[in-house]
2 protein chains.
Amino acid sequence: MRNEHQSKIESFYSANKRMPSYSEMTKLFGFKSKNAVFRVVEKLIDAGMVAKDHLGRLVPTQAFGEVPMLGFITAGLPATVEEELLERVNLDDMLIQKKASTYMLEVDGDSMIDAHIEKGDMVLVERANTAKDMQIVIAEIDGEFTMKYFRKEGNKVWLEPANKKYQPLYPEHSLNINAVLKAVIRKY
Amino acid sequence: MRNEHQSKIESFYSANKRMPSYSEMTKLFGFKSKNAVFRVVEKLIDAGMVAKDHLGRLVPTQAFGEVPMLGFITAGLPATVEEELLERVNLDDMLIQKKASTYMLEVDGDSMIDAHIEKGDMVLVERANTAKDMQIVIAEIDGEFTMKYFRKEGNKVWLEPANKKYQPLYPEHSLNINAVLKAVIRKY
DNA sequence: AGTATAAGTGAACGCTCGTTCACTGTCAAC
DNA sequence: GTTGACAGTGAACGAGCGTTCACTTATACT
């Protein structure tokens, strides 16, 4: 098998969050000698499936945390999809820029439904105390927290839902931005 | 500083996808002796910010690939959010079960808009050749690819959009499932 | 049968790892 | 001023690392 070894390393990596040593790989692959592993790894390196850093240690490359990005799918009328590998993306790197100030919340309620954010969705937000007009924010208005469009015209600020059922919220005392929306994640 | 060291290790980790060795940390922290690092790491371990595996090597723990999950945000009427740390989630582990058969596509078109999937969204799908009624799938119908609800009643199968503008698609010759939808990701 | 190629074993190498120890400097408490 | 805790230095250790070498076994080609 070509990448049977590769996938064993991958599962070790996602279980242990680090690469296995050569002696660990002897057990992984069922070899009795580190040299056998050494030769296997050499081929994996040639195939670009794994890499080594400046001093001998294995480091994960493409296809470890990364997922292939195959192009576009037309959700309208059917069309031939270009199913060729465009690139690979790491979900973490793609979604998280400032790790220290990023957190997640689960959405309850339906006031952002016209922005296609529904109950049960997970939102990835980044702490901030300012936002631009029309950004979606987590904000504290008169002491209570909510997720809405942030609106700003001149020196007037208010919050606006994405649902005609609800009214815009004008702060009586305070409107403090807590975080701005960076991504929405919905699991099926 | 309490976790100035911690965050230096974190940035090393996200840049190199592995933990630094003690000698690398001397450079990272500006020490001249490995022993100084050793003592710092000891404290980080006590604080639960980092861990060691069965034989001395550092392994990433909480707060490396993980993002804090702070609870619910009400998108309807404002409410006090419980801003306490409920748990930490790793995006990769949360979204990807079978890594080898998972890939991503960018959505074009608006036929799934009533399922709150819009143009520009990224969909994470898992290769499969069967699906249950009402699952969202990537399918090939009469030679062309599209994303729709998969419908099955008795031995009749067809595809259904989530947009009243479009009609259900009944296969003339073939309907092959390519993948089933696992997650939707929208970046802002 | 004979030989070349590939794949695995087992022992050895030097090097870096994590850890330990004895020592030096700094600051605060008494 | 002495003492004690704390933080950093520098040298040393045994262990495990990645790598190399010589040897064996199996498969395939003449």
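Quick caveat, the model's predicted, so the values are computed rather than measured. Sequence lines set the chain letters: A, B, ... in the order given, protein chains first and strands last, and positions in each chain run from 1.
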Phosphate OP1/OP2 of dC17(C) contacted by Ser23(B) side-chain N/O (<4.0 Å):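 True: Ser23(B) side-chain N/O within range (under 4.0 Å) of dC17(C) OP1/OP2.
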
Residue-phosphate contact under 4.0 Å: Ser21(B) side-chain N/O, dC17(C) OP1/OP2: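 Yes, within the criterion.
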
Sugar-phosphate only, base, or nothing, as touched by Lys52(A) at under 4.0 Å among non-hydrogen atoms: sugar-phosphate

Touch class at under 4.0 angstrom, heavy-atom based, for Arg57(B) against every strand present: sugar-phosphate

Lys187(B), NZ: over 12 other non-hydrogen atoms inside 6.0 angstrom: yes

Greater than 12 external heavy atoms within 6.0 Å of Lys52(B)'s NZ: yes

Lys34(B) NZ to dC17(C) P, straight-line distance once rounded to whole Å: 6 Å

Main-chain N/O of His173(A) paired to Asp142(A) side chain as donor or acceptor, under 3.5 Å: yes

Sequence-distant partners of Asp92(B), salt bridge (Lys or Arg N to Asp or Glu O under 4.0 Å), two or more places apart: none

First-last contacting nucleotides on DNA chain D - partner chain B, under 4.0 angstrom, heavy atom: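 For DNA chain D, the relevant span reads dA7(D) to dC17(D).
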
Nearest atoms (heavy-atom pairs only) where Glu66(B) meets Arg88(B):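 Answer, listing the atom of Glu66(B) first, then Arg88(B): OE1-CB, 3.3 Å.
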
5' precedence on DNA chain D between Tyr22(A) and Arg39(A) (nearest-nucleotide basis): Tyr22(A)

Short N-O contact, Lys17(A) and Asp93(B), less than 4.0 angstrom: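 Salt bridge between Lys17(A) and Asp93(B), a charged N being under 4.0 Å from a carboxylate O: yes.
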
Pair Asp133(B) + Lys152(B): basic N to acidic O under 4.0 Å: no

Sole candidate of Leu124(A), Val123(A), Val125(A) that passes side-chain contact (heavy atoms from CB on, under 4.5 Å) when paired with Met104(A): Leu124(A)

Between protein and nucleotides 4-6 of chain C, what N or O pairs are separated by less than 3.5 Å?
none

